[in-house]
Amino acid sequence: MAKKGNEAPGKGFSEQLLRWDREQNRRQMPWKGEKDPYKIWLSEIILQQTRVEHGVSYYNEFVRNFPDIKKLANASEEKIFKLWEGLGYYSRCRNLIATARSIALERNGVFPKTYEEIVTLKGVGPYTAAAISSFAFNLPYAVVDGNVFRVLARIFGIDTPTDSTEGKKYFAQLANELIDKKKAGAYNQAIMDFGAMICKPVPHCDQCVFNKSCYALLNKKINELPVKEKKISIKKRWFYYLLIEHNNQLAIRQRTAKDIWQQLYEFPMIENTQDLEQDGILARAEKQNWFIRGKYEVVTQSPVYKQQLSHQLIAGKFIHIRVKNKPAQADWQWVNETGLGKFAFPRVINQFLQKAREQSLF
DNA sequence: GACCCGTGGAG
DNA sequence: TCTCCAAGGGT
């Protein structure tokens, strides 16, 4: 099944990689060379499935606000989520908070020093545990991320799908054979830098130190490797947000369901599996006693704002409504425009708010 | 093992 | 416009 191509790992791989790192790698990042496991952990959580350029400013702000893990553990969830706002994958933020608090309370703020302990932390899997272990403590655990899949698949000609169980196991084993155990941190950093700078999705083979031996280059399979097998299906959802205004304040609520954007805030929202006319939206809102027929006015309705998620396409519409009587919904908070700034919202809402402010609708 | 979870840049 | 996917992990 799995064609392994150029099988012999080649003793020279890690030596060549580390030489490239010493002589040609100019990549700089705020956390590079960092030895504080807290900051390494923080950077790794932020960077999961996230481009370095996107994560850098978030990392700097987190370090500025929370220089050590106890500061983070003692901060309010509201504040931490506000700093995370816009990064996506908000379960990372929830796990970040849980882990910070458990280390602060149960370990007096001292970060664990073994791979086995580190990998048990919430939000820390094999990749992140290997990264922290090797960067902070120089322990010999090879990282396997998207860069490593790409580099190894191409150089050694491995077409086992990276998103299969067999593939994950095979790449992890190969990576742990290749790693220079005495320079684990440097090796792990080097292979990821190499994947990000040279062996990119569209690679710079002319600058590659492996271009005399790379399986993919020699066999014209650059665009075929690595292999991924699963395709995702996109579900479409319609979100009708109601900007319910009373006494210059708007109602917001926190999302608590096991769904996208859990723990972020939103305006009271009617969801539908297909497009819905304004009358239908208002009827459903009335049925939930959000406002009473005849006792409100519709101020405006926005155009459609679309947001593409990894598995869903959200179509959001915003209907501004002024009510005469203040609805009594237990899970609503009433905030003025300034107050909105304290809460973390999904992108689609922030895009609307930005546009609304530009047009001074508030 | 299959599916879910955000956002933005590149080509 | 559309597809891919990026320092993955949880359920």
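Just so we're on the same page: letters track the sequence lines, and every chain starts at 1.
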Asks: Would you call A:K169-A:E166 a salt bridge at under 4.0 Å N-O?
Replies: no
Asks: Would you say the side-chain atoms of A:N25 and A:Q189 include a donor-acceptor pair closer than 3.5 Å?
Replies: no
Asks: For A:V202 and for A:G88, find the nucleotide of DNA chain B with the closest heavy atom, then tell me which residue's nucleotide is more 5'.
Replies: A:G88
Asks: Do you know which of A:W332, A:Y296, A:F267 makes ring-ring contact (aromatic ring centres under 6.0 Å, His included) with A:W290?
Replies: A:W332
Asks: Contact class for A:I45 (heavy atom, under 4.0 Å): base, sugar-phosphate, or nothing?
Replies: nothing
Asks: Taking atom C1' in both C:dC5 and B:dC5, compute the distance separating them and give it to the nearest angstrom.
Replies: 15 Å
Asks: Any carboxylate oxygen within less than 4.0 angstrom of a Lys/Arg side-chain nitrogen, looking at A:K221 and A:D159?
Replies: no
Asks: Nearest whole Å is fine: how far is B:dG6 P from A:L264 CG?
Replies: 8 Å
Asks: Nearest whole angstrom, please: distance from the C1' of B:dC5 to the CD of A:Q48.
Replies: 12 Å
Asks: Give, ordered by number, those residues of residues 180-200 of chain A having at least one heavy-atom distance below 4.0 Å to an atom of DNA chain C; if nothing qualifies, reply none.
Replies: A:Q189, A:M192
Asks: Could you check A:K122 against A:E44 and say which one's nearest nucleotide on DNA chain C is further toward the 5' end?
Replies: A:E44
Asks: Once you apply a heavy-atom cut-off of 4.0 Å, does A:W84 come out as touching a base, just sugar-phosphate, or nothing?
Replies: nothing
Asks: Write down the distance separating the C1' atoms in C:dG9 and B:dG1, rounded off to the nearest Å.
Replies: 15 Å
Asks: Rounded to whole Å, how long is the line connecting atom NZ of A:K231 with atom P of B:dC3?
Replies: 13 Å
Asks: Give A:R27 one of three labels, base, sugar-phosphate or nothing, depending on what nucleic acid heavy atoms sit under 4.0 Å from its own.
Replies: base
Asks: With a cut-off of less than 4.0 Å, is there a side-chain N or O of A:Q308 near OP1 or OP2 of B:dG8?
Replies: no
Asks: Across the strands shown, which category fits A:V124 at heavy-atom distances under 4.0 angstrom: base, sugar-phosphate, nothing?
Replies: sugar-phosphate
Asks: Between A:D259 and A:R237, does at least one N-O distance fall below 4.0 Å, as a salt bridge requires?
Replies: yes
Asks: Hey, does A:S164 reach any base, or is it just sugar-phosphate, or nothing, if we go heavy atoms under 4.0 Å?
Replies: nothing
Asks: Between A:F137 and A:Y115, is the ring centre distance below 6.0 Å?
Replies: no
Asks: Roughly how many Å is it from NZ in A:K228 to C1' in B:dA2, rounded to a whole number?
Replies: 15 Å
Asks: Would A:K342 and A:E78 pass as an ion pair if we require N to O under 4.0 Å?
Replies: no
Asks: Just by distance, no angles: are the side chains of A:S164 and A:E229 close enough, under 3.5 Å, to form a donor-acceptor pair?
Replies: no
Asks: Could you check whether A:G86 gets within reach of a base, just the sugar-phosphate, or nothing at all, counting any heavy atom under 4.0 Å?
Replies: sugar-phosphate
Asks: Over how many whole Å does the gap from A:Q262 atom CD to B:dC5 atom P extend?
Replies: 10 Å
Asks: Pick base, sugar-phosphate or nothing for A:H311, based on heavy-atom distances below 4.0 Å to the nucleic acid.
Replies: base
Asks: Need one value for A:S310: base, sugar-phosphate or nothing, where a base atom within 4.0 Å counts as base even if backbone is also close, heavy atoms only.
Replies: base
Asks: Classify A:K258 by what it touches in the nucleic acid, base, sugar-phosphate, or nothing, heavy-atom distance under 4.0 Å.
Replies: nothing
Asks: Using whole Å, report how far CD of A:Q312 lies from C1' of B:dC4.
Replies: 9 Å
Asks: Does anyone know the first and last nucleotide of DNA chain C in reach of chain A, 5' to 3', at under 4.0 angstrom to a heavy atom?
Replies: C:dC5 to C:dG10
Asks: Does the pair A:E77/A:R101 count as a salt bridge with the N-to-O cut at 4.0 Å?
Replies: yes
Asks: Could you check how far CG of A:N350 sits from P of B:dG8, rounded to whole Å?
Replies: 10 Å
Asks: Of A:S233 and A:Y90, whose closest DNA chain B nucleotide lies nearer the 5' terminus?
Replies: A:S233
Asks: Checking all strands, does A:R51 fall into the base, sugar-phosphate, or nothing category for heavy-atom contacts under 4.0 angstrom?
Replies: base
Asks: Please measure how far the C1' atom in C:dT1 lies from the corresponding atom in B:dG8, and state the result in whole Å.
Replies: 16 Å
Asks: Using atom CD1 of A:I260 as one end and atom P of B:dC3 as the other, report the distance to the nearest whole Å.
Replies: 19 Å
Asks: Is it the case that the side chains of A:R150 and A:N147 hold a donor-acceptor pair, with the cut-off being a distance below 3.5 Å and no angle test?
Replies: yes
Asks: Are A:F156 and A:F13 an aromatic pair, judged by ring center distance below 6.0 Å?
Replies: yes
